[in-house]
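Starting from 1, each residue takes its place in the sequence as its number. Scope of the values below: all heavy atoms of this structure, side chains included, with no hydrogens, waters or symmetry mates. Quick caveat, the model's predicted, so the values are computed rather than measured.
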Amino acid sequence: QVQLVESGGGSVQAGGSLRLSCTAATFWASVECMGWFRQAPGKEPEGVASVYSLGGETNYADSVKGRFTISRINANHTVFLQMNNLKPEDTATYYCAAETRSRRYCSAPTHEYIRRGQGTQVTVSS
């Protein structure tokens, strides 16, 4: 069952930009926070960014601070990830995630959120 639908992945050269989008494919009574995580082949998932629905607090991994920006539209449970100055080490499958249980789960790593999408590939060449 598809829960979240991502789009916007692709291939770019180092220094380029991409914008990922994610929207809910089903209705949930509440979405406490949404975010993105990524996973490269042979590596553990890495939280990239998250945003709280109430208040809009954002959090970023140190590896993307200053380059990536997360934003959201609460009305339709949509979240975006603007990625600038991309580096080859950003290459990975990017997954959208959402937490619908309780706000207290939002402080957990993004890949532990209960809802997730199927992923979109981002490839950055040097």
Colleague: Looking at CD1 of Ile114 and OG of Ser102, how far apart are the two atoms once the value is rounded to the nearest 0.5 Å?
Modeller: 11.0 Å

Colleague: Under 3.5 Å, is there a donor-acceptor pair between the side chain of Thr120 and the main chain of Gly9?
Modeller: yes

Colleague: Specify the closest pair of heavy atoms between Ala92 and Ala40, including all atoms of both residues, with the distance to one decimal.
Modeller: CB-N, 3.9 Å

Colleague: Could you walk me through whether Lys65 and Asp62 satisfy the salt bridge (Lys or Arg N to Asp or Glu O under 4.0 Å) test, starting with their C-alpha distance in whole Å, then the side-chain angles of each, then the deciding distance to 0.1 Å, before giving a yes or no?
Modeller: CA-CA 5 Å; Lys65 282 182 181 177; Asp62 288 342; 3.1 Å; yes

Colleague: What's the shortest heavy-atom distance between Val5 and Ala25, and which atoms?
Modeller: CG2-CB, 3.9 Å

Colleague: Looking only at heavy atoms, which two atoms of Asp90 and Arg67 are closest? And how far apart?
Modeller: OD2-NH1, 2.7 Å

Colleague: Can you give the donor-acceptor pairs under 3.5 Å from side chains of residues 29-36 to other protein atoms, not counting sequence neighbours?
Modeller:
none

Colleague: Has Gln39 got a side-chain atom pairing as donor or acceptor with Lys43's backbone, closer than 3.5 angstrom?
Modeller: yes

Colleague: Side-chain contact test, heavy atoms from C-beta onward, threshold under 4.5 Å: evaluate it for Thr69 versus Leu81 and give yes or no.
Modeller: no

Colleague: If you measure from CZ on Phe68 to CG on Leu20, what distance do you get to the nearest 0.5 Å?
Modeller: 8.0 Å

Colleague: Atom CG of Asn76 and atom OG1 of Thr23: how far apart are they, to the nearest 0.5 Å?
Modeller: 5.0 Å

Colleague: Kindly indicate whether the side chain of Arg72, heavy atoms from C-beta on, has any atom under 4.5 Å from the side chain of Thr78.
Modeller: no

Colleague: Please check if the side chain of Glu99 supplies one atom and the backbone of Arg101 the other of a donor-acceptor pair under 3.5 Å.
Modeller: yes

Colleague: Would you kindly confirm whether Val124 and Tyr60 end up in one hydrophobic cluster when ILVMFWY residues are joined by side chain heavy atoms under 4.5 Å apart?
Modeller: yes

Colleague: Would you check if Ile70 and Phe80 make a side-chain contact, meaning some heavy-atom pair closer than 4.5 Å?
Modeller: no

Colleague: Hey, is the main chain of Gln121 close enough, under 3.5 Å, to the side chain of Thr93 for a donor-acceptor pair?
Modeller: no

Colleague: Please report the closest heavy-atom contact between Val48 and Val64, naming both atoms and the distance.
Modeller: O-CG2, 3.6 Å

Colleague: Are Tyr94 and Phe37 co-members of a hydrophobic cluster defined by side-chain heavy atoms under 4.5 Å apart?
Modeller: no

Colleague: Is there side-chain contact between Leu54 and Arg103, with at least one heavy-atom pair below 4.5 Å?
Modeller: yes

Colleague: Rounded to the nearest 0.5 Å, how far apart are OG of Ser125 and CD of Gln13?
Modeller: 5.0 Å

Colleague: Tyr52 and Thr58: side-chain contact (heavy atoms from CB on, under 4.5 Å), yes or no, with the steps?
Modeller: CA-CA 7 Å; Tyr52 283 73; Thr58 57; over 6 Å; no

Colleague: Going from CD on Glu89 to OG on Ser63, what distance comes out if it is rounded to the nearest 0.5 angstrom?
Modeller: 8.5 Å

Colleague: Which atom names give the shortest non-hydrogen contact between Ala14 and Pro88, and what distance separates them?
Modeller: CB-CD, 4.1 Å

Colleague: Is it the case that the side chain of Arg38 and the backbone of Glu46 share a donor-acceptor pair, with hydrogens and angles ignored and the cut-off at 3.5 Å?
Modeller: no

Colleague: Does Tyr113 reach the main-chain N or O of Cys106 with its side chain, forming a donor-acceptor pair under 3.5 Å?
Modeller: yes

Colleague: Please round to the nearest 0.5 Å and tell me the distance separating atom CE of Met83 and atom OG of Ser17.
Modeller: 8.5 Å

Colleague: Can you check whether Ser53's main-chain N or O pairs, donor with acceptor, with Asn74's side chain at less than 3.5 Å?
Modeller: yes

Colleague: Would you call Thr91 and Val122 a side-chain contact if the rule is heavy atoms closer than 4.5 Å?
Modeller: no

